[in-house]
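In each ligand, atom 1 is the first atom listed, and ligand 1 is the first ligand listed.
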Amino acid sequence: MARDDETYLRSSIDRNKLPVHIAIIMDGNGRWAKERKLPRVFGHREGMKTVKTVVKLCGELGIKVLTLYAFSTENWTRPKQEINALMRLLRKYLHKEMDELIQNNVKFHFIGRLEQLPELVQQDLKWAREKTANNTGLILNLALNYSGRADIVDAIKKLTADIENGKYKREEINEVLFEKYLYTGSLPEPDLLIRTSGEMRISNFLLWQIAYAEIYITPIYWPDFSRKHLLSAIIDYQRRERRFGGVL
Ligand code: IPE
Ligand code: IPE
Ligand code: MG
């Protein structure tokens, strides 16, 4: 059996050492399209297929949380036509896939400044959250209008409000309390952070939460990222020694 065969890769995974939370910076849709002399939007459309593939596989493997960086606060600087296409694709994904996602026990969670998203998108997010509220499988956490710095600033605002209204005293602030105020407050922190398309940067994603995440960067463009690539990333993660600053 070839070493990159999916069956072989699956059998190489240690089910007892799975990352609990995988976070992905889905990058390279534009370049994928450009290489084919297609408009960027075609890359985004193709990228949605990868989203389906990755969500399905994470569910099969029993991953608890999958966070996908879908739209950053900086992405508003892109051409309006591209932004509209991204919003449309998101809404289409939610509507087209909902039945299957429910069948697969997926539960939606969203992070970011959601109140600044178009009204119709906000309505769909609410609908998706309610439809999947009782599901107990994979938590599909979509980062939309997300910025790691905004996440921290918004947490500070909420925490200081709770100090002013007497819920906590200033002396009680510590890391454990603070992170409950982040958009990811109810979620475990990422164990594995994947970025596609080879860029060696974080681009304002989960700044606080990735303090000890293992980083995996692949040159593959997001539309080409397959089941085999995700399995390889998990295998690579499992070979690493997580030391958390200590000695083993
Ligand atoms: C990632 O692909 C998708 C989003 C940011 C929504 P890009 O659109 O950033 O693709 P490149 O980086 O231009 O190739
Ligand atoms: C990061 O990709 C944001 C998302 C994947 C949504 P970008 O393509 O926007 O980031 P930069 O511009 O390469 O830093
Ligand atoms: Mg990009």
Proximity flag Ser197 to ligand 1, non-hydrogen atoms under 4.0 Å
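The answer is no, since Ser197 has no heavy atom less than 4.0 Å from ligand 1.
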Less than 4.0 Å is my threshold; does some heavy atom of Arg40 fall inside it relative to ligand 1?
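Yes, Arg40 has heavy atoms under 4.0 Å from ligand 1.
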Kindly give the atom name of the N, O or S atom of Asp27 closest to the Mg ion (ligand 3).
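Going through the N, O and S atoms of Asp27 one by one, OD1 ends up nearest to the Mg ion (ligand 3).
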Flag Arg201 as yes when one of its N or O atoms lies below 3.5 Å from any N or O atom of ligand 2, and as no otherwise.
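Yes, since at least one N or O of Arg201 sits under 3.5 Å from an N or O of ligand 2.
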To the closest 0.5 Å, what do you measure between [atom1] ([X]) and [atom2] ([Y])?
X      : Y      : atom1 : atom2 : answer
Glu97  : Lys52  : CD    : NZ    : 4.5 Å
Tyr69  : Ile25  : OH    : CD1   : 7.5 Å
Lys56  : Leu138 : NZ    : CG    : 13.0 Å
Tyr237 : Ile13  : OH    : CD1   : 11.5 Å
Met26  : Thr50  : CE    : OG1   : 9.5 Å
His109 : Leu142 : NE2   : CG    : 10.5 Å

Tell me whether Arg195 reaches ligand 2 (any heavy atom closer than 4.0 angstrom to a ligand atom).
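True for this residue.
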With heavy atoms of Arg31 as the reference, note each atom of ligand 1 found under 4.0 Å away.
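So the atoms of ligand 1 that pass are 11 (P), 12 (O), 14 (O).
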Can you list the atoms of ligand 1 that are under 4.0 Å from a heavy atom of His44?
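So the atoms of ligand 1 that pass are 3 (C), 8 (O).
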Under a plain distance cut-off of 3.5 Å, with no hydrogens placed, do Asn145 and Gln116 share a side-chain donor-acceptor pair?
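Their side chains do contain a donor-acceptor pair, which is all the 3.5 Å distance test asks for.
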Checking a contact table here: which protein heavy atom is nearest atom 10 (O) of ligand 1, and how many Å away?
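Of the protein heavy atoms, Gly30 N, 2.9 Å lies nearest.
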Among all the protein's non-hydrogen atoms, which is closest to atom 4 (C) of ligand 1, and how far away is it?
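Protein heavy atom with the smallest distance to atom 4 (C) of ligand 1: Arg78 NH1, 4.0 Å.
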Please state which part of Lys34 comes within less than 4.0 Å of ligand 1, counting heavy atoms only: side chain, backbone, both or neither.
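No part of Lys34 comes within reach of ligand 1.
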Does ligand 1 have a heavy atom under 4.0 Å from the side chain of Met26, from its backbone, from both, or from neither?
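The answer is the backbone.
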Backbone of Pro188 reached by a side-chain donor or acceptor of His21 within 3.5 Å:
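Confirmed, His21 side chain pairs with Pro188 backbone.
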If hydrogens are left out, which of Ser72, Ala85, Pro223, Ala70 has an atom nearest to atom 6 (C) of ligand 1, that is, the closest non-hydrogen atom?
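Comparing heavy atoms across Ser72, Ala85, Pro223, Ala70, the nearest one to atom 6 (C) of ligand 1 lies in Ala70.
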